[in-house]
Amino acid sequence: METTRISGIETPVSRIGLGTWAIGGWMWGGTDDDASIETIRKALDSGINLIDTAPVYGFGHSEEVVGRALEGRRNQAVIATKVALEWPDGKPRRNASARRIRTEIEDSLRRLRTDHIDLYQVHWPDDNITAEETAGELEKLRLEGKILSIGVSNYDTGQMDAFRRTAPLASVQSPYNLFERAIDADVLPYARDAGLTVLAYGALCRGLLSGRMRADRSFSGDDLRLSDPKFQPPRYAQYLNAAAALQGFAAERFDKSLLALAIRWILDQGPTIALWGARRPDQLVGVDAAFGWQLTPQDREAIDILLDEHIKDPAGPEFMAPPPSRPASAPGVST
Ligand SMILES: NC(=O)c1ccc[n+]([C@@H]2O[C@H](COP(=O)([O-])OP(=O)(O)OC[C@H]3O[C@@H](n4cnc5c(N)ncnc54)[C@H](OP(=O)(O)O)[C@@H]3O)[C@@H](O)[C@H]2O)c1
């Protein structure tokens, strides 16, 4: 396992993190807790110590399952969770107020069965709350020892600049995979310059880069892929064809799987950690195949040519953004 450092956390952190959104069930068509717990424990056994979760994943459920899975093994894990979404009517919206942060930290510590969180990340920027208020409250939590390190998620560079005027920032979490590369233009170089770790989410592009996605795969219930523009015809075929071409390239050039190539590509792009959303233990098989080799600039160029050849109508991950909170002055909003 390759490891890296996240500022403020003493333990070396694995460069693959287990993402537990699907483990919460919500927006992934349900969940099986026994399989989830087995997956989290298998991740630890495989050398993955970073577990990324969030209160909103299953409205507390993902954090609870992580807490149960880590019972007796807390010291082997680096827990990254998030803050600043609320869901008063069952629909998430942003709230990065100091008051919301105070409520959430206690809820998360209880659900995760721990006395501290290693990396505490603002889930989405909230334009209705000043950066000083959000960053200031997180810095207080850090000084109190309830969190070791502060991160943000889905922030742009200007928002990070504003945040860093009040509190030290260790990481930024952004969508990043072979098919979703917007941060190449700004967030990634910014992170490199500022010494931040980038937690790349959707490393497998919601399964498209797993090597197992098929044209006839059906999704049920509230699975977000029912509304993900990449999974809708005719665009879906373009992405499946691109994945097949990448799979051929990975096999021919490296004797590797598409999944290993997808993870390796992220790790070779900079100070990154790939968040891999496995929810069954068998989905972690082959985790080691991402390590011990590297892509050359020529390999990356060949990959880009394949992508250009197949993806004529690209779509981004923007569909996942929760709506902004209402302004604090709006009736019914308590901040
Ligand atoms: N900060 C944010 O706003 C944000 C947003 C999104 C995600 N994240 C974080 O990033 C993590 C990863 O992203 P993600 O879960 O959205 O997407 P992902 O890692 O791109 O894809 C997850 C899905 O890929 C499939 N998969 C995983 N391993 C596989 C394997 N070996 N073979 C076949 N299929 C496999 C599974 O789908 P099936 O089981 O359905 O086949 C799984 O649910 C999340 O869990 C979360 O922690 C953060």
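Values reported hereafter were calculated over all heavy atoms of this structure, with side chains retained and with hydrogens, waters and symmetry mates removed. Both ligands and their constituent atoms are indexed starting at 1 by order of listing.
- For ligand 1, the polar-atom distance check finds no N/O of Ala22 at less than 3.5 Å from any of the ligand's N/O atoms.
- Considering backbone and side-chain atoms alike, Ser153 places an N or O below 3.5 Å from some N or O of ligand 1.
- Within the 6.0 Å centre-distance limit, the rings of Tyr57 and His123 are counted as a close aromatic pair.
- For ligand 1, the polar-atom distance check finds no N/O of Thr53 at less than 3.5 Å from any of the ligand's N/O atoms.
- Under the 3.5 Å distance criterion, with hydrogens and angles disregarded, a donor-acceptor pair is assigned to the side chains of Ser108 and Glu63.
- A heavy-atom separation below 4.0 Å is not found between Met213 and ligand 1.
- Both the sub-6.0 Å distance and the 45° axial angle are satisfied by Arg100 relative to the ring of Trp87.
- On a distance-only criterion, Gln283 and ligand 1 share at least one N/O pair closer than 3.5 Å.
- Considering backbone and side-chain N/O atoms, Cys205 comes within less than 3.5 Å of an N/O atom of ligand 1.
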Q | Steps toward side chain to side chain contact (heavy atoms under 4.5 Å, CB included) verdict (Lys146, Tyr120) | A | CA-CA 9 Å; Lys146 293 193 176 201; Tyr120 205 39; over 6 Å; no

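- On a distance-only criterion, Leu259 and ligand 1 share no N/O pair closer than 3.5 Å.
- Residues Asp115 and Leu109 are not in side-chain contact: their nearest non-hydrogen atoms beyond the backbone lie 4.5 Å or more apart.
- The backbone N or O of Arg15 lies less than 3.5 Å from no partner atom in the side chain of Glu2, so there is not a single donor-acceptor pair.
- Considering backbone and side-chain atoms together, Arg225 places an N or O closer than 3.5 Å to an N or O of ligand 1.
- Salt-bridge check for Arg99 with Glu86: failed, with every basic side-chain N at 4.0 Å or more from each acidic carboxylate O.
- Distances between N or O atoms of Ala278 and those of ligand 1 include no value under 3.5 Å.
- Contact analysis leaves Phe219 out of contact with ligand 1, as no non-hydrogen atom separation drops below 4.0 angstrom.
- Residue-ligand proximity: Arg217 is placed with a non-hydrogen atom under 4.0 Å from ligand 1.
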